[in-house]
Amino acid sequence: TDDAPMLKVENLEGWYAESHVLHGVSFDVRPGEVVTLLGRNGAGKTTTLRAIMGILSKRQGSVQFDGRELIKLAPRDIARAGIAFCPEERGIFSSLSVDENLMLPPQVKSGGLSREEILDMFPNLRERLSSQGTKLSGGEQQMLAIGRILRTGAKFLLLDEPTEGLAPVIVQQIGKTLVDLKARGFTIVLVEQNFRFAASVADRHFVVEQGRVIDMIPNHDINNNIEKLHTYLGV
Ligand code: ATP
């Protein structure tokens, strides 16, 4: 049924060399949902995305996607399964033009957005097609980083702090983009520090603390949980 999770993460553990960072992360994402991972700096949110994507060298537990176990797969095969990752650093190649950056990610599934569809979503990028990656503003870089993963055909997106360091008006634009993607049937896991932004786009929030998910708050219930969230986030 539609209520069956698209992604089910169970007891996910992860290490950087000897350093044990994830201690049993569990959460699930239903098709078409936007969920956030909220939590303080160093809680393990980014590492959770890296572990799902297979780019953490040592990990164990279970990551089921579309009913298939991914925990032992290489990043390339996880991407082929239909998961795309947009890292916090955005990964824009500075020596390449916007257009070249856009065309870079390999298509892993049919049904990815075309170059034209992506440029329709991000009109700013159309103006900047021949500019070098580094000449872009932070907001344009973020739009390029999101835009280009839409070409891959992946319908499940892991986005690491897309609003970080951006002006409020750009944050709003990114928010509109995420709502648009949800309407187009994308499923999204968002790491966020900006709790207001998270509340404006997400269906559910998972609170990460010390390498575990310690709480889940449905967005419709967020006003009853503000104090609790302030405690979790240390604000
Ligand atoms: P942030 O917002 O700071 O990115 P986060 O919740 O995403 O917070 P992670 O980046 O996942 O946290 O970090 C979890 C823990 O892993 C932290 O203690 C951090 O110091 C450690 N860590 C992160 N990256 C590395 C690395 N490359 N090598 C060793 N330890 C790391």
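Whatever order the structure lists them in is the order used to number ligands and atoms, beginning at 1. Please read all numbers here as calculations on a predicted model, not as lab measurements.
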Check this for me: does any side-chain nitrogen of one of K228 and D215 sit under 4.0 Å from a carboxylate oxygen of the other?
yes
R126/E116 ion pair, N-O < 4.0 Å
yes
Should T177 and M143 count as side-chain neighbours, where that means a heavy-atom distance under 4.5 Å?
no
Flag side-chain contact, heavy atom, 4.5 Å: T48 against V9
no
Going by the order shown, which atoms of ligand 1 are within less than 4.0 Å of some heavy atom of [X]?
{"X": "Q193", "answer": "2 (O)"}
{"X": "E161", "answer": "2 (O)"}
{"X": "R40", "answer": "6 (O)"}
{"X": "A43", "answer": "5 (P), 6 (O), 12 (O)"}

So which heavy atom in the protein is nearest [atom], and how far is it from that ligand atom?
{"atom": "atom 15 (C) of ligand 1", "result": "V21 CG1, 3.4 Å"}
{"atom": "atom 10 (O) of ligand 1", "result": "T46 CB, 3.6 Å"}
{"atom": "atom 31 (C) of ligand 1", "result": "Y16 CD1, 3.3 Å"}
{"atom": "atom 19 (C) of ligand 1", "result": "G42 CA, 4.8 Å"}

Is the count of non-hydrogen atoms from other residues, nucleotides or ligands lying under 6.0 Å from F93 atom CZ greater than 12?
no
Do D28 and Q64 have side-chain atoms, one donor and one acceptor, less than 3.5 Å apart?
no
Answer yes or no: does an N/O atom from [X] fall short of 3.5 Å to an N/O atom of ligand 1?
{"X": "K45", "result": "yes"}
{"X": "T47", "result": "yes"}
{"X": "G44", "result": "yes"}

Consider salt bridge (charged side-chain N to carboxylate O under 4.0 Å, His left out). Of K182, R184, K176, which one does D180 pass it with?
R184
Would you call the rings of F156 and F65 parallel, tilted or perpendicular, taking 30° and 60° as the class edges?
perpendicular
Verify the contact flag for atom 2 (O) of ligand 1, where contact means a protein heavy atom under 4.0 Å away.
yes
